[in-house]
Structures are given as structure tokens and as C-alpha cells.
Number of protein chains: 2
Amino acid sequence: MSRCDQCIARQLNSMKTLTKEELKEVAACKRTLFYKKGEVIFGENELLSGVYCVREGICKMTKLSANGKDHTVKLMGKGKLIGQRSVISEERTHLSAVALIDVELCYVPKDQILDNIKSNQEFSFNVLQNLAQDLREAEGDLINMAQKSVRQRLSEALTYVSKTFGETEDGYLNVNLSREDYASIVGTATESAIRILSQFKKEGLISTSGKKIKIEKLKELERVE
Amino acid sequence: MSRCDQCIARQLNSMKTLTKEELKEVAACKRTLFYKKGEVIFGENELLSGVYCVREGICKMTKLSANGKDHTVKLMGKGKLIGQRSVISEERTHLSAVALIDVELCYVPKDQILDNIKSNQEFSFNVLQNLAQDLREAEGDLINMAQKSVRQRLSEALTYVSKTFGETEDGYLNVNLSREDYASIVGTATESAIRILSQFKKEGLISTSGKKIKIEKLKELERVE
DNA sequence: CTTATACTATGATAATTGTCATGTTTTTCT
DNA sequence: AGAAAAACATGACAATTATCATAGTATAAG
């Protein structure tokens, strides 16, 4: 049982507004969990008894479709709280959470979260603002899906991964997702994602080395139509 | 300046948790507004100084796309609070609000809302739950957009309108949207929406009289692929 | 009532995207 | 290192959806 007050991940979400006392309580009841790439944290339609704070790594939130493929609704990196929505609305999960790469998570029982929402006004308002932000992003994604081509969406996925998870010294994306992962994020067939990445390569917008991707011309990639 | 405590619309949202005293304050500062079909309540990228509660009618929340068409993200019927997200996250609007049919709205200054969020814990938690619910719906819509065909999405739009806004005695939808409205909701070209509605007619799933639509075989319409 | 305007309808065609098949390359495991 | 598995790549073709053109129909305004 480690302390929470110096956790970097905590600084990135609503828990930054908790008092020292409240943090001690969280630290006392939390558990640290490790999942390997591909492991399932929870599935669809489950009842959660707590939320998971991403300390290290990235999870994907996915929904299985009728045809057996799954769509990645969003990626959760360091500091993101997984399961918050379900816990707050007291509903079953409608997405599953899967480790996209190896992850370290802190599990916090839901009562700990709900109690703080009821007692700490600053915390509560911060959660509210975060949810509002999430809602804005979800609506933005919806509009992108409705109005933009696969090509545009894939170019945005690449720049998103670059900006959110960074690049190595030699310019490659820090996180190496498979073509299938990209297809699932963009909402297209894996072959289509592969084809368009090949186009981007031919056009000099990106280059690859194995499954590693380097963005060569960011400005032009962002202007793709 | 009318009273709020007996307003039906209020019962449908977080304001149902306000105390009599708080409601009096809201009643004292609110203004009732009327917009005709097609009139704009606010545009994209605006700063809002309050929220709008739908007392009567329906508004659509839309986003203009690069090609000049706009996409309808959601419909706001009786009791829905418009602008709540922007006010809470203290950001500019990213959608515009337009009267889909004639509407009557109550405008409530944002301080009135924010003050109640800070002082009334029950209200605050209710707003939180509503936002969580909205987020769930937005993610659901995103997945539908990614995974379902235009035909499926249109059939869902029809059943949604039927269930949400009801039907007349003779079975026609209470709200008569244009084909263009449906296209905007479904995220397709107007011609495609028209074509598919024609197919539905031929298949006996719906019938029409002028622009009025009647769902003939709900179960089968819901099973459309 | 009639004329203008907006909405609905449908055909023809093009563009985008998905599916299936097949082969190559890369990674992983022993 | 070598075999097996997974991921990547690409062609051929099918299905879906968008776009353009054109015409009919309903609705509102004068």
C-alpha cells in the first residue's frame, strides 16, 4: 500500500483536488494492478465496484459490434479514470476496457469516489467539468465519424497518438499500435487502414520501420482530405 | 415572471432537486423566450451567459461541416437543458442550437445554475448523473455511426422519434421532420435518406401522407440491417 | 386560386469503402 | 536459429453511399 499524495497520475485528474486526509483514505483502500497487453480489465455490461486510475500504459475502451469486430471509442493514458461514468450513473458498463500496452492501474472502490463527490465540493465540481469535457470530445468524435473520410480520420488518429503519447528522439511514435488497432479507432476495415497508411508512405507523409511509424510531414498530414 | 415550482419541464431535469427557496430565485431571474421553427438560439463558438430549458417544442444541436452541410448531433425535447455543458466547462459552444419546430424556452443565467451546483449537493450530483448519461448516449451514437449502415441508422432515427416524441391517434409521428432533417440526424445525403424512406415504404415498414410518416411494422423496422 | 418556393422523388454515374483471396514480412516462441 | 504465428501488404471485385441531373408534388404567400 503506497502513498497517493505524490502520485503523478493523480495530478492529471480530479483527484488532484482531494485533501491530504482524503488522499490517505484513498491510499488505504486502493489496490495496484498490472495487466499485460491485450488483457481485459472489464467487459461490457458489467457492474463495477470501483474505478481504475491509469498510472502507466494505455487502455482502450471498446465496444463489440454485430459483425464481431470491435470499435475503439477512446484511449485512456496516464491519469485517466476508467469506469468513472458507470460508477457515477450507477449503470453497467457499456464498453469494455482492455490493456493496449502493458498497464499499471490503481483500483479505487467506488464508495471512496462517491463519498468524496458528496463531501468535497471542489472534487465534485472538478469531476463535473471532466465529464463535460469528455462529453464534448465524444460529440466531436461523433461529428468526425459522420463527416470525415476514413483517410482524414486516420490522419487525425496518427496526429492524436503523436500529440498525446509523444515521440521518441528519432521521431517515431512512442506507442506502436497495430494496423488493426488503428482500424478499430478509425472505424474501418483493417485492410483499408493498411492501404491508406501505404498511401501516406508513398506520399511521404509518414515513414515506417517495422510496425513503428514516424510522421514526416505533420502539417501536410493534418491537411489531408 | 411566472413560477417555476409547478413547471412540468423542470420535473424532467436536475432542477427537480431544487428547494422551494432555490426555485423562487430561479423564477425571479429567468426569462421565457419563444423561437419559431428554424430560428437560431445560439451559434457555434459562442460564449453563453446561461442555459435554456425546453418548455415546449424541440431544438436540434448541430455542427456545420466543411462541405457546408450540418450534422444534427442530438434533439432536445421538453425538459432538456441546452447549453449546460458549455456553462459547466466554461468553454465556448461547439454546437449551435436551432428550433426544429416552434419552441418555448426558459433562459436561466449561468450564475444561478453554478451557485446551485456549489451549494446544493443533491442538485450537483443530479447534474453529474445527467452528464454521465449524456456521455453514454454520445458514445453509443458514435458507435452506431461507426458500425451501422445508413439504412440501420435511419430506421433507428424513426423509432427514436416515435418513442421520444410520440404518435398521434391515427399512428403518425407527432413530429414531422423533413427528409433533410433525417439526413442530418443520420449523417447522410438528403437523397440517400429519401431513397431509403422510399424503400421502407415499398417494403411496407412505413407509410406516408405528405410529409407525415407512420410506422407500420415497428418490430420489422427495428430488425432492419 | 394560382404562382412561387421549397420539398420529395428517382435515375445515372462516380467515389469510397468493405470483403475475399493470396502472398510476404515481421515477430514470437522454443 | 528455425518454425509457427501474427501482422502487413496488395489485387480484384462487390457493396454502399455520394453526387449530379431532372422532374414531380406539396405548401405557403399573394
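Reminder, nothing fancy here: chain letters follow the sequence lines and each chain counts from 1.
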Check every atom of [options] against the side chain of [X] and return the nucleotide holding the closest atom.
X         : options                   : value
Ser198(B) : dG18(C), dT17(D), dT10(C) : dT10(C)
Glu191(A) : dA21(C), dT8(C), dA21(D)  : dA21(C)
Glu180(B) : dA9(D), dC7(C), dT19(C)   : dC7(C)

Roughly how many Å is it from [atom1] in [X] to [atom2] in [N], rounded to a whole number?
X         : N       : atom1 : atom2 : result
Ile196(A) : dG18(C) : CD1   : P     : 8 Å
Lys148(A) : dT17(C) : NZ    : C1'   : 18 Å
Lys212(A) : dT26(C) : NZ    : P     : 13 Å
Gln147(A) : dT16(C) : CD    : P     : 17 Å
Lys69(A)  : dG18(C) : NZ    : C1'   : 7 Å
Arg151(A) : dA18(D) : CZ    : P     : 19 Å
Asn176(A) : dT26(C) : CG    : P     : 15 Å
Lys211(B) : dT8(C)  : NZ    : P     : 5 Å

Given [N], is OP1 or OP2 found less than 4.0 Å from the side-chain N or O atoms of [X]?
X         : N       : result
Thr188(A) : dG18(C) : yes
Arg195(B) : dA9(C)  : no
Thr190(A) : dC8(D)  : no
Lys201(B) : dA9(C)  : yes

Residues Lys74(B), Glu139(A): salt bridge by 4.0 Å N-O rule:
yes
Would you mind checking if Glu203(A) and Arg151(A) are paired as a salt bridge, meaning a charged N to carboxylate O distance below 4.0 Å?
yes
Taking the nucleotide of DNA chain C with the closest heavy atom to each, which residue, Leu197(B) or Ser209(A), is nearer the 5' end?
Leu197(B)
Gly187(A) or Lys37(A), whichever maps to the more 5' nucleotide of DNA chain C
Gly187(A)
Is there a donor-acceptor contact under 3.5 Å linking the side chains of Ser89(A) and Glu91(A)?
yes
Is there a side-chain hydrogen bond (donor to acceptor under 3.5 Å, both in side chains) between Thr188(A) and Tyr182(A) once you walk through the steps?
CA-CA 9 Å; Thr188(A) 190; Tyr182(A) 279 110; over 6 Å; no
Do Asp141(B) and Ile143(B) have side-chain heavy atoms sitting under 4.5 Å apart?
no
